[in-house]
Amino acid sequence: MSSAAPEPGDSDARVGGPQRSVPEPRPGVAGWFQDRAELVVSVLLAGAGAVVIIDAMRMSTGFTQRGPVGPTAMPLVVGALLVLVAVALAVDVLRGGRGAAEGGEDVDLSTPPEWRTVALLVGVFVANIVLIDIVGFPIAGTLLFWGAAFALGSRHWVRDPLIAVALALVTYVVFGELLGVTLPGGPLEGVL
């Protein structure tokens, strides 16, 4: 048995597993921007954070203030975190960091999209919009959850409707009792 020397690109031969290869930098200004295209995501995150912070600062809190933490606290925290993540991403990209390549996906780009699934999901959402005021959220939500599961390929005729009913009822109770958001109850208004 003879052992061959490992090739430079052989990731199995390295100690510590596969490592990311750093591509060669592209020449020119356009190449610099192409190598750092992830900066666009950083700019979008910073912009979203700034919008959230500005909107939170403009929010009137007169009658809704019930203690030291008012309604602007969470939007300010979310906006600050968005800006912080944007800065961290920008620093990482400028230091040469890159996102991992999506090599493990089993997507065949030559196959056409499954328009039947898309059409079924759109139909389920439209039916929910139409039915929610007529039959109420518990029934419309059940049809939404069950229809979405069916459209995505689940064919468990006992389990799926039971899970859909449970999800719709839990959502209805959480929104109504815990969050104080009234959802239409339809014929089940007095029962729930």
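Sequence positions, counted from 1, serve as the residue numbers for this chain.
From L183, atom CG reaches atom CD of E189 across 9.5 Å, with rounding to the nearest 0.5 Å. Once rounded to the nearest 0.5 Å, the distance linking CD1 of I53 with CG of L82 reads 8.0 Å. With rounding to the nearest 0.5 angstrom, the CG atom of L152 is 10.5 Å from the CG atom of D160. Note that CD1 of I132 is 8.5 Å distant from CG of L144, once rounded to the nearest 0.5 Å. Taking CG of L89 as the reference point, atom CG of L44 lies at 10.5 Å (rounded to 0.5 Å). Distance check, rounded to the nearest 0.5 Å: CG of L39 to CG of L45 gives 11.5 Å.
Across all their heavy atoms, P184 and P138 have their closest contact at O-CD, 3.8 Å. Scanning both residues, V135 and A140, for their nearest heavy atoms gives CG2-N, 3.9 Å. The shortest heavy-atom contact between A151 and L120 is CB-CB, 3.6 Å. Considering all non-hydrogen atoms of both residues, A148 and V124 come closest at N-CG1, 4.0 Å.
Put simply, L84 and V41 are part of two different groups of oily side chains (I, L, V, M, F, W, Y) that touch within less than 4.5 Å, one to the next. Hydrophobic clustering (side-chain heavy atoms under 4.5 Å, transitive across Ile, Leu, Val, Met, Phe, Trp, Tyr) keeps M74 apart from M57. Linking Ile, Leu, Val, Met, Phe, Trp and Tyr residues whenever their side-chain heavy atoms come within less than 4.5 Å places L178 and V170 in a single cluster. One hydrophobic cluster, built from ILVMFWY side chains closer than 4.5 Å, holds both L188 and V181. In the hydrophobic clustering of ILVMFWY residues, with side-chain heavy atoms under 4.5 Å counting as a link, L143 and I134 come out together.
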* Asked: Under the side-chain contact (heavy atoms from CB on, under 4.5 Å) criterion, do T142 and L169 qualify, and how do the steps go?
  -> CA-CA 8 Å; T142 298; L169 290 176; over 6 Å; no

* To do: Check step by step if side-chain contact (heavy atoms from CB on, under 4.5 Å) holds for F145 and F150.
  => CA-CA 9 Å; F145 295 135; F150 180 84; over 6 Å; no

* To do: Test side-chain contact (heavy atoms from CB on, under 4.5 Å) on H156 and I163 and set out the steps.
  => CA-CA 10 Å; H156 295 277; I163 291 173; over 6 Å; no

* side-chain contact (heavy atoms from CB on, under 4.5 Å) between L131 and I139, worked out -> CA-CA 9 Å; L131 292 174; I139 296 172; over 6 Å; no

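Between the side chain of S42 and the main chain of A86, a donor-acceptor pair closer than 3.5 Å is present.
In R155, the CZ atom is crowded: over 12 heavy atoms of neighbouring residues, nucleotides or ligands sit closer than 6.0 Å.
Using a 30° and 60° split on the angle between ring planes, F137 and Y172 fall in the parallel class, below 30°.
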